[in-house]
Number of protein chains: 2
Amino acid sequence: MARTRHASLDCSPGCAVEATLALIDGKWKGVILHHLGEGTMRFNEIRRRLPSVTQRMLTNQLRELEADGLITRRVYAEVPPRVEYSLSERGRSLAPVIRALKEWGDEHVMAALQKAA
Amino acid sequence: MARTRHASLDCSPGCAVEATLALIDGKWKGVILHHLGEGTMRFNEIRRRLPSVTQRMLTNQLRELEADGLITRRVYAEVPPRVEYSLSERGRSLAPVIRALKEWGDEHVMAALQKAA
DNA sequence: GCCCATAGTGTCGAAAAGGATACCGTGATG
DNA sequence: CATCACGGTATCCTTTTCGACACTATGGGC
């Protein structure tokens with residue numbers, strides 16, 4: 001499922017830009033990475049922070065992030081089940097990018113929304 | 001067309017991250033902004049840099065970027081027609097974000113592709 | 001007279017994304 | 001005995017995305 005996007009990265013100089021975007025687009029991945037930046041969390045903990053994401057979507061996005069090596073998934077053989085998610089080394093290296101996105105958004109989007117209200 | 005994405009920005013702290021992503025996702029916008037960072041360009045000039053984008057898609061993405069206030073479109077009443085695109089003030093302010101995306105991609109994605117080849 | 005380039009637009013249809021809902025096993029709790 | 005919480009799956013269906021292709025107007029060159 002998914003991961004078809006940009007199978008061929010055929011652009012020359014801007015390629016890297018799209019390659020990075022391909023990893024963090026997908027409607028929820030950006031926020032998930034942002035939240036996981038605060039530390040390890042379990043499934044429903046993340047879910048509570050994203051009020052409007054469905055279980056199916058959250059599973060999906062987490063699986064893709066894992067497949068891309070950005071997060072780590074640790075399952076504990078317990079009942080009730082416990083699954084913890086955390087940023088991988090690679091995921092942590094994305095921090096500056098996430099921060100840049102957040103800062104720009106705070107300054108140029110959120111501010112505009114304030115005014116509109 | 002489009003622009004439905006994230007009509008309701010209901011997340012709390014990561015909201016700004018998604019808000020920014022909503023502006024630059026869309027398969028080609030990232031690269032377009034990257035290229036326009038080099039200066040004003042006309043339609044077919046951009047198109048030549050993006051070998052695999054269709055005319056329809058390019059028009060579409062440019063219109064969305066314009067609607068979001070990131071680029072400026074100047075039409076000259078000439079024949080054959082001439083239309084020039086350039087970054088707006090707001091678009092230029094995105095430069096650090098684009099740069100962050102590109103740098104991460106160069107380091108963490110392109111490098112991996114080199115090895116694979 | 002015909003074709004070229006420019007900067008598009010319109011329509012079609014396939015594929016992907018994503019939402020709703022129901023279901024799973026287990027152990028604790030009421 | 002029934003119910004809840006956990007971390008998911010499975011299935012269905014609607015919406016969105018996006019590529020292919022055809023079409024437009026105009027003026028210049030051959």
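Note: hydrogens, waters and symmetry copies are ignored here, and every other heavy atom, side chains too, is used.
Spacing between atom CZ of A:Arg82 and atom C1' of C:dT26 amounts to 16 Å, rounded to whole angstrom units. Rounded to whole Å, atom C1' of C:dG18 lies 7 Å from atom NZ of A:Lys27. Atom C1' of nucleotide C:dT6 and atom CD of B:Glu78 are separated by 11 Å, given to the nearest angstrom. Rounded to a whole Å, the CZ atom of B:Arg56 is 9 Å from the C1' atom of C:dG10. With rounding to whole Å, A:Leu58 atom CG is found 17 Å from C:dA17 atom P. As a whole-Å value, the separation of A:Met57 CE from D:dA10 C1' is 16 Å.
Counting non-hydrogen atoms under 4.0 angstrom, B:Tyr85 reaches the backbone sugars and phosphates but no base. Looking at heavy-atom distances under 4.0 Å, B:Arg47 makes no contact with the nucleic acid at all. Nucleic acid contact for B:Arg73: sugar-phosphate only, since backbone atoms but no base atoms lie under 4.0 Å from a heavy atom of the residue.
Taking B:Val83 as the reference, B:Arg73, B:Val75, B:Tyr85 meet the side-chain contact (heavy atoms from CB on, under 4.5 Å) condition, with sequence neighbours excluded.
Side-chain proximity of A:Val79 to the nucleotides D:dG7, C:dT26, C:dA7 is greatest for C:dT26. Among the nucleotides D:dC18, D:dG7, C:dG18, the one closest to the side chain of A:Asn44 is D:dG7.
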